[in-house]
Every structure is written in C-alpha cells, then in structure tokens.
J.: 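Handing you this structure, nothing more for now.
Small disclaimer: the values here were computed from a predicted structure and weren't measured. So you know, we letter chains A, B, ... as the sequences are listed, proteins then strands, and number each from 1.
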There are 2 protein chains.
Amino acid sequence: MKFFCDFIKNDLRTSFFVLPYAHGKNMKRVTVHDVAAEAKVSLATVDRVLNGRPGVKAATIERVNTVVKKIGFTRDWHAANMAKRRDYKIRFLIPEGDNAFMALLREEVKAASQVEPQRRTFVEANAIPPFDGEALVRELDNIKKDEVTGVVFVATDAPGVKEAIKRLAERGVIPITLVSDIPNSMRAHFVGIDHIAAGRTAASLLGRFIKPNKGKVAVVAGSMLLRDHVDRRFGFEQVISSEYQGIEVLPVCEGLDDNKMTQLLVEASLKTHPDLIGIYNVGAAKRGLISALKAHNKQDDVCVVAHDLTDDSREALRDGTFDAVINQDPPHQVRSAIRLVRAYADKSAFEESQERIKIDIFLRDNLID
Amino acid sequence: MKFFCDFIKNDLRTSFFVLPYAHGKNMKRVTVHDVAAEAKVSLATVDRVLNGRPGVKAATIERVNTVVKKIGFTRDWHAANMAKRRDYKIRFLIPEGDNAFMALLREEVKAASQVEPQRRTFVEANAIPPFDGEALVRELDNIKKDEVTGVVFVATDAPGVKEAIKRLAERGVIPITLVSDIPNSMRAHFVGIDHIAAGRTAASLLGRFIKPNKGKVAVVAGSMLLRDHVDRRFGFEQVISSEYQGIEVLPVCEGLDDNKMTQLLVEASLKTHPDLIGIYNVGAAKRGLISALKAHNKQDDVCVVAHDLTDDSREALRDGTFDAVINQDPPHQVRSAIRLVRAYADKSAFEESQERIKIDIFLRDNLID
DNA sequence: AATAAATTGAGGTACGTAAATCATGTATCT
DNA sequence: AGATACATGATTTACGTACCTCAATTTATT
C-alpha cells in the first residue's frame with residue numbers, strides 16, 4: 001500500500017498532475033450525434049429530449065439525460081441560435097445631456113452595437129431627456145415585442161414608471177434597469193451597484209483619510225430627486241454618524257449636474273466654513289467642484305471622495321485634488337446588461353459573479369487609463 | 001432657420017431622439033449574401049476577399065471592402081469557426097498546494113472548462129508544483145502544438161523559463177502568463193495586475209489609515225523569490241519612504257506561504273515591536289497572520305492591508321482585523337486569459353479595457369460575497 | 001488572332017443544432 | 001383483428017460561413 005502511494009506521488013511529481021476535470025489529449029466537441037449514438041436512439045429523439053418536445057417515453061428521456069451528463073454534452077449555443085433563426089434585439093435608453101458618466105455609457109453602447117452582431121445580438125440606443133419620468137414612460141410604452149427582445153434603461157424613479165415596466169414585461173419584453181433601479185418593480189434584473197454600500201464606502205474612506213478626526217464635511221449632490229444620490233447619501237450618513245462622531249455633515253448642496261451652479265455652491269460653502277475638511281461628491285458636476293477648490297486653493301486641505309471615473313476625476317486624482325474616486329465600471333455594466341438580456345430571453349443560467357457590479361475604489365496609485 | 005431648428009428640437013422631445021448608431025426597427029443580420037448582392041459579385045468572390053485568398057482584382061477587392069463597411073457587415077464569428085472546424089484548446093498550469101488564491105483560480109478554470117465548450121473552446125488544467133522552475137519548464141516543453149492552442153500559466157521566474165517560453169512560442173503555441181509575469185519573454189500577453197502599483201496602493205492606504213503618522217510597519221511576504229511579492233514590496237517601499245517619512249518599514253518576514261511559520265514570525269514581530277502600528281501582508285498565509293494578531297489582541301490597534309480576497313481575508317475585513325484588501329479578480333483573469341488565447345489564435349482584436357485587470361480595493365463596506 | 005493567364009461565377013459540402021415531415025414500430029383498447 | 005394512440009427512426013432543410021471544384025468569362029501576352 002505504502003509502495004503504491006509512493007509510486008503515484010513520485011509519478012505526479014516527475015510528469016504532471018492532471019486535475020480530474022481535464023479533458024486530456026482528445027479534446028473534441030461532443031455533439032448531439034455522440035449523444036444519440038451513446039444512448040442508442042436517433043437524432044430526432046435526442047432533439048425531442050433536449051428541447052422538451054413531447055412524444056418520448058420517460059425512460060428514454062432519463063436515458064438520454066444520463067448520457068448527456070456522462071459524456072459531457074453541452075449545446076453549441078451559437079449553432080443552436082443559428083438553427084433557431086434566433087437573434088436578440090436590445091434597446092438602451094440613456095439620458096442625454098452632458099453628464100460625463102452617461103456619456104461614457106453611451107460610448108460603450110455604441111461600441112457594443114458594433115461588436116455584438118457577431119453574437120447575433122443587435123444593440124441600439126435611444127437618448128431620453130434626463131430627470132423626466134413621463135418621457136421614460138412614453139419610451140417604454142412605445143416598445144413592441146417583435147421589435148425588441150429587451151430594454152436596458154437608466155430608471156428615473158417617477159410616478160408611472162413602475163407601471164410602465166409592468167406593461168412592458170407583460171408584453172414579453174425583458175426590462176433591465178441600469179445604474180439606478182426601481183425596486184419592487186417587474187424589471188427582470190438590475191445592473192448596477194448598491195448605492196447605499198457605495199455611500200458607506202465613501203464615508204469609510206473619508207473618515208479614515210481625514211487627519212484630525214474633527215471638522216465639517218460637505219455633501220455635494222446632483223439632485224435629491226435621484227434615487228441613487230439619495231441612497232449614497234444615506235449610506236454615507238450611516239457610517240459617519242455611527243463611527244466618526246467628530247465629523248459634522250453639512251446639509252446637501254444640490255448642483256443639478258450643472259458645473260457653474262455646483263462651483264458657486266461649493267465656493268459659498270468654503271467661505272462659510274473655513275474649517276471644512278472634507279467633501280463627498282455624491283453625483284456629477286465634478287468640474288465645478290474642482291474649479292471651486294482650486295479657486296480657493298483648498299485642493300490639499302480638503303479631502304475629497306467623489307463618484308465615477310471620468311477624465312476630470314482621473315485628472316483630479318492624479319494632481320491630488322481628489323483623494324479617492326468610487327466607480328461603477330461602465331463598459332462592464334453595458335456588457336453585463338447585454339449578457340443578461342440574452343440569458344433571460346433564453347431562460348438560461350448566467351454567471352452570478354460576472355454580473356455583479358463591483359464598487360470600485362480608485363486612488364492615485366491604482367488608476368487605469 | 002430658427003424655425004426649422006425649433007421644430008426638430010420639439011420633435012425630439014415629444015417622441016424620442018435616435019442616436020446615429022441606432023439600427024432602427026429593421027435589425028437584421030447582415031450576411032455575406034448581402035455583401036455579394038450589394039457589390040454585385042458572387043459569393044465566391046466575397047469569400048475570396050474576406051479570407052484574403054488570391055485571384056481577385058484589386059479594384060474588386062476595394063469594391064467589396066467598401067460595401068462591407070457601408071452595410072456594416074461583421075463576420076459571424078461562430079458560424080465561421082464552425083465552418084472552419086476550428087476549436088480552441090487551452091491548458092492552464094496552476095500551482096498546486098493550499099494557497100487559497102491559487103485554489104480560487106483552479107476553481108474558476110474548472111468552471112470555465114464546463115461552460116467554454118459552448119464557444120468551441122476546451123479548457124483543461126494541470127497542477128504544477130509551486131516555486132519549481134524546472135517543473136514548469138518540463139511542463140512547457142511537454143506541450144505539442146496540435147494538442148494545445150494556448151497555455152496559460154503562473155510564471156515562476158526561474159532560470160530556463162524564459163527559454164522554454166520561447167521554444168513554446170516558436171512551436172506555434174500561444175504562451176500567456178497569469179498573475180505573475182516574465183517580462184521580456186516571448187509570452188503573447190500577461191494577464192494580471194501591475195504588482196508595483198498594487199504595492200503603492202497598499203502603501204497609500206496604510207499611510208492614510210494609520211492615525212499617529214509615526215511608528216513601525218511590518219511587511220509579511222511569502223517569499224522574496226516570487227517576482228510579484230518583490231514588486232509589491234518595492235512599490236510599497238517607494239510610497240512610504242517618499243510620502244510617509246514617519247513610518248519605519250521593518251525588514252520583510254518571509255513566511256513561505258505557511259500559516260504556522262507566518263504566525264510565529266508575526267508573533268515574534270509583535271513582541272519585539274510593541275509599537276507596531278501597521279502590517280502589509282504582501283502574500284498568502286493570511287490565516288497565520290490573523291491568528292497571530294488575535295493571539296496578541298492586536299486586531300484593532302494594528303492597521304492591516306493584505307492581498308487577495310479569500311474566505312479568510314473576507315472574514316478578517318468583516319470583523320475589523322484587516323482594514324483593506326487588495327484583490328485581483330480571479331474569475332475575471334481566467335475569462336480574460338481564455339478570450340486572449342482566442343484573440344491571439346485568430347490574430348483578431350480584443351477589447352483592451354475588458355482585458356486590463358484592475359487593482360481592486362475592498363473595504364468592509366464594498367465587500368462582495 | 002491565337003494562346004495563356006487571370007478573374008469571376010455557380011454550385012456543392014461541411015459544421016452542429018432546430019424543426020419539420022413521414023414512415024415505422026409497438027402497445028392498448030375495443 | 002382492426003383501430004387508435006404513442007414512441008421512435010429516418011430524412012430533409014435551414015442558419016452563416018469556409019473551402020473546394022469546375023466552368024465561364026475577361027484580360028494580357030505573344
């Protein structure tokens with residue numbers, strides 16, 4: 001016994017250890033033909049079993065399924081879709097305007113629309129007016145099932161939207177919310193981060209980065225009508241109030257995604273509170289914020305945590321104006337949404353871990369370009 | 001003029017604005033047939049042009065290519081591979097042993113081996129002895145072109161490895177390094193993070209998290225024979241010495257990925273330096289580190305930044321023993337390596353941004369499970 | 001003009017799966 | 001025994017592309 005084990009071990013060390021799931025040297029596609037042959041049934045029967053068509057004895061179904069598992073058959077996803085003449089039509093609805101983050105999303109959708117046809121997927125985008133629930137409802141109601149497989153949209157949490165989503169889902173179109181969600185709606189999936197957790201993360205960073213442990217922190221947001229901004233602020237407040245009692249959070253400045261307005265608000269805040277030691281930038285209008293800080297030469301004294309990696313925030317991280325940026329990877333979100341529409345359309349499984357959007361933290365040191 | 005503009009604007013607002021790259025309602029696959037018809041040539045000629053076969057006039061090539069661009073033809077990647085009878089065989093070489101991070105990689109490769117056949121890709125894994133350059137060289141030399149399209153391996157930087165990679169590449173197999181790279185070698189691509197930047201990131205976090213700005217910091221590594229550990233320490237040292245002069249970095253403790261040994265080393269360090277305020281855990285053996293900290297009840301006093309999100313480090317983040325964990329997403333790395341082998345095999349382009357592995361920072365607040 | 005060479009077209013087969021038709025087999029019920 | 005339902009097999013077409021052969025046409029060369 002001992003000898004035997006030693007022999008094996010030795011052999012493993014000198015040659016190599018093949019993990020149990022290795023295919024070995026005869027890697028070859030396992031097809032329906034192989035299944036048919038192994039199960040001693042015809043192709044037609046295999047097809048009936050695989051596609052849940054009637055007219056097969058329970059015992060035969062069982063046998064085919066066993067063989068499928070045994071020889072490791074996986075349906076060739078693409079060949080199947082080709083035969084089915086199936087393709088996927090995906091419509092993105094992205095707010096227009098000069099919000100830099102939304103611009104990144106638009107760019108990604110555009111890139112996807114050029115690559116995805118290779119996977120029998122057609123991606124198009126419509127711009128919708130921002131902060132406009134009615135427009136969104138109109139858009140959603142406009143969509144017909146045979147034109148679109150799934151709709152991916154940045155949800156504005158306005159009255160009527162939830163109902164429009166319901167109508168959409170009932171028409172057989174797959175609704176997927178992007179970046180900001182409508183909980184308890186009929187959307188099939190939400191692609192985005194947990195904004196409360198993001199706010200908590202911001203608070204932890206700011207709380208630990210700030211040196212004296214005592215002082216005032218300003219919160220600069222786009223609009224408290226946006227659910228994600230509200231959520232972020234909520235998470236932020238949670239952590240600050242429970243763990244950093246020395247820090248006083250000032251009332252929110254709402255800059256409405258406008259750089260000029262934001263700049264004025266921040267400058268006013270800097271004047272009123274010379275002891276300001278931190279800023280949490282919940283939403284867009286980073287340029288206004290940066291201008292205000294630089295105008296008062298406060299880049300180094302005030303610790304800033306912001307959201308979304310854009311050209312401006314990247315630059316601000318590099319030159320030390322921002323201390324940390326929390327990001328939600330736009331390319332990843334777009335790709336994830338597309339994969340999810342396909343998965344929901346096929347009622348097939350998807351890789352949970354791949355579709356969970358991470359709350360990315362960027363410092364000057366781990367920046368990517 | 002003014003009227004015209006106003007009219008347009010108004011229309012956009014009431015209905016919706018279709019971005020220029022939208023496909024509209026007639027989303028349909030553009031095939032070689034469409035190209036042939038539009039260019040008024042036969043399918044055979046289109047095929048000759050697309051696949052660079054000889055026997056076509058320059059003018060005709062030009063015409064076909066123009067039409068391809070005009071009507072936006074994209075080759076159906078999968079149908080093409082099917083017709084070509086092409087498939088991809090990918091071998092991963094992952095160090096064996098109980099390093100938790102490597103275990104995660106192995107798991108991901110296993111998962112991939114089950115899903116990838118759908119994309120005509122066969123993934124297998126061999127375990128190789130860790131820290132063993134000779135074994136790696138043997139493995140690499142063992143690989144034949146017709147058995148394997150590409151090899152993805154965690155590179156040990158030992159003598160002879162660079163040459164083995166060269167031989168491999170010359171045999172027509174695509175070498176891809178994973179997690180730790182061999183720069184200036186013939187590997188087609190490196191999938192992993194910039195470890196120097198990761199070290200810098202760790203230093204920035206530790207430097208800003210530490211309260212008094214003054215004190216000793218220990219560096220706990222696996223082995224200074226591992227290039228990635230050396231790089232991380234280098235980056236760490238860089239930032240600490242230039243920006244946090246109050247912090248004294250103690251000589252590296254090499255725990256050789258062994259929990260017991262690491263625990264003893266850390267305990268010794270805690271005894272020798274009661275004023276220890278921080279630990280940078282460059283490599284594995286997190287369990288040993290955690291045990292040592294808890295044994296001396298130093299979880300809360302010592303600020304710890306570690307690498308790699310595993311069950312242990314996740315738990316340590318949750319209970320406050322660790323303050324930050326720097327991660328390199330294993331599932332993403334495995335998927336990226338697979339996509340890259342395919343891209344290099346086809347000499348086709350890939351999405352840079354998707355293949356760049358990020359240096360992920362996790363705090364208690366942005367943990368994912 | 002005659003010949004050779006280059007270019008283009010027409011058509012077929014293959015890849016792996018879906019979906020349909022039609023034929024054959026087998027058990028069940030009257 | 002005959003009718004009926006069910007189970008299965010055999011065969012075909014289609015999807016979009018690659019690649020092959022053979023014929024037909026155009027162009028260049030002598």
J.: Please determine if A:D329 and A:K358 form a salt bridge, counting it only when a charged side-chain N lies under 4.0 Å from a carboxylate O.
T.: no
J.: Specify the separation, in whole Å, of atom CZ of A:R53 and atom C1' of C:dA20.
T.: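 In whole Å, C:dA20 C1' lies 9 Å from A:R53 CZ.
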J.: Could you check which residues of residues 72-80 of chain B get a heavy atom under 4.0 Å from DNA chain D? Sort them by number, please.
T.: B:F73, B:T74, B:R75, B:D76, B:A79, B:A80
J.: Just by distance, do the side chain of B:R120 and the backbone of B:R86 share a donor-acceptor pair under 3.5 Å?
T.: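 Yes; at least one donor-acceptor contact below 3.5 Å.
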J.: Specify the residue among A:N81 and B:A44 whose closest nucleotide of DNA chain C lies further upstream toward the 5′ end.
T.: B:A44
J.: Is it the case that the side chain of B:Y344 and the backbone of B:A188 share a donor-acceptor pair, with hydrogens and angles ignored and the cut-off at 3.5 Å?
T.: yes
J.: For a side-chain contact (heavy atoms from CB on, under 4.5 Å) check, start with the C-alpha distance between A:Y88 and A:D346, then their side-chain angles and the critical distance, and finish with the verdict.
T.: CA-CA 10 Å; A:Y88 308 89; A:D346 296 344; 2.7 Å; yes
J.: Check B:N327 against B:P330 and note the closest heavy-atom contact, atom names and distance.
T.: ND2-CD, 4.2 Å
J.: Got a donor-acceptor contact below 3.5 angstrom from the A:H332 side chain to the A:Q354 backbone?
T.: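 Yes: the side chain of A:H332 pairs with the backbone of A:Q354.
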J.: What integer distance in Å separates A:D47:CG from C:dA18:P?
T.: 6 Å
J.: Mark yes or no for whether B:Q333, through its side chain, and B:I357, through its backbone, hold a donor-acceptor pair below 3.5 Å.
T.: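 The answer is no, because no donor-acceptor pair under 3.5 Å joins these two groups.
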J.: Among B:R335, B:R342, B:R339, find the residue that satisfies the salt bridge (Lys or Arg N to Asp or Glu O under 4.0 Å) test when tested with B:E355.
T.: B:R339
J.: What is the separation between atom CZ on B:R119 and atom C1' on C:dG16, rounded to the nearest whole Å?
T.: 17 Å
J.: In plain terms, say whether A:E163 and A:K166 are close enough for a salt bridge, that is, a side-chain N and a carboxylate O under 4.0 Å apart.
T.: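 Judged by the 4.0 Å cut-off on N to carboxylate O distance, A:E163 and A:K166 do not form a salt bridge.
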J.: What are the bounds, 5' to 3', of the part of DNA chain D that sits under 4.0 Å from heavy atoms of chain A?
T.: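 Contacts span D:dA7 to D:dG16, reading 5' to 3'.
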J.: Please give, in whole Å, the distance from C:dA14 C1' to B:R85 CZ?
T.: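 Distance, rounded to whole Å: 5 Å.
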J.: Between B:E107 and B:K110, is there a side-chain N and carboxylate O pair less than 4.0 Å apart?
T.: no
J.: Let me know the distance between CE of A:M82 and P of C:dA14, rounded to the nearest Å.
T.: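 Whole-Å distance recorded here is 15 Å.
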J.: Would you mind checking if B:D141 and B:R171 are paired as a salt bridge, meaning a charged N to carboxylate O distance below 4.0 Å?
T.: yes
J.: Can you tabulate the close N/O pairs, meaning under 3.5 Å, that link protein atoms to atoms of nucleotides 4-8 of chain C?
T.:
| residue | atom | partner | partner atom | Å |
| --- | --- | --- | --- | --- |
| C:dT8 | OP1 | B:T60 | OG1 | 2.5 |
| C:dT8 | OP2 | B:K57 | N | 2.7 |
| C:dT8 | OP2 | B:T60 | OG1 | 3.4 |

J.: With heavy atoms under 4.0 Å as the rule, sort B:R86 into base, sugar-phosphate or nothing.
T.: nothing
